[in-house]
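The structure under discussion appears below in the form of structure tokens.
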Amino acid sequence: MWTGHVIPKGWKVLCWLRYVHTDPNNFDDPFCFNPDRYDVNIFQVKWSGFQAFGAGARICVGNMFARTHLAIFLHHLSTGYKYVELVLFLRTGFWLDSHFLSFRWELVNPNAEMEYLSHQRPADGVEISITKI
Ligand code: HEM
């Protein structure tokens, strides 16, 4: 028995994580694309309301690794982009010449439709355009 529902012996119970992330009990405007909603420093989101990496003893072991990589990626995407130009001089060998360039990016479709299966995301795949500053 769980919250009034009888669960027959032997049945398997699966948690529908997408619903956890669109539950109005967890978020004020759950169908709005707002990644900041998961920032505990801003919205004090309940841990149970964020299950992208699962929870408990079997929580994703790579979750901090993945978050760190995403944070680094987003930092470089939003503040600049470094590329390494490989210059080949046939007679004298290879030179590695690195430059820092700044780019600006913006959403191609800021009002894109949202998809909700299997996860909440803009339907256009978050298409962005990048222009050199
Ligand atoms: C955005 C990236 C990622 C997402 C959304 C994600 C999500 C998940 C989820 C939902 C689970 C199941 C947790 C549960 O059963 O409660 C899981 C398990 C797992 N993840 Fe990830 N993951 C990500 C990246 C990674 C990375 C980068 C690694 C390794 C470097 C990794 C390694 C694992 C492993 C080994 C498990 C199984 C843990 C266990 O069963 O004890 N994941 N992940």
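Every heavy atom of this structure was used, including side-chain atoms; hydrogens, water molecules and symmetry mates were not. In listed order, ligands and their atoms are each counted from 1.
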Parallel, tilted or perpendicular: ring planes of W16 versus Y19, cut at 30 and 60 degrees: parallel

Identity and separation of the nearest protein heavy atom to atom 10 (C) of ligand 1: A52 O, 3.3 Å

Protein heavy-atom partner closest to atom 40 (O) of ligand 1 - residue, atom, separation in Å: R58 NH2, 2.7 Å

M1: hydrophobic cluster co-members (side-chain, 4.5 Å): V6

pair N26-D23: side-chain heavy atoms closer than 4.5 Å: yes

Heavy atom of the protein closest to atom 30 (C) of ligand 1 (residue, atom name, distance): F65 CD2, 4.0 Å

For F31, all residues meeting ring pair (Phe, Tyr, Trp, His ring centres under 6.0 Å), sequence neighbours excluded: Y116

Verify atom 33 (C) of ligand 1: protein non-hydrogen atom under 4.0 angstrom away: yes

For N63, all residues meeting side-chain contact (heavy atoms from CB on, under 4.5 Å), sequence neighbours excluded: F53, I59, C60, R67

Trace of the side chain to side chain contact (heavy atoms under 4.5 Å, CB included) decision for E127 with N109: CA-CA 7 Å; E127 192 177 344; N109 307 305; 4.0 Å; yes

Nearest atoms (heavy-atom pairs only) where H21 meets Q51: NE2-N, 2.8 Å

Numbered atoms of ligand 1 (with element) below 4.0 Å of A55, judged on heavy atoms: 16 (O)

Distance filter under 2.8 Å, centred on atom 21 (Fe) of ligand 1 - protein N, O or S atoms that pass it: C60 SG

Derivation and outcome, side chain to side chain contact (heavy atoms under 4.5 Å, CB included), residues N34 and D29: CA-CA 9 Å; N34 175 17; D29 190 4; over 6 Å; no

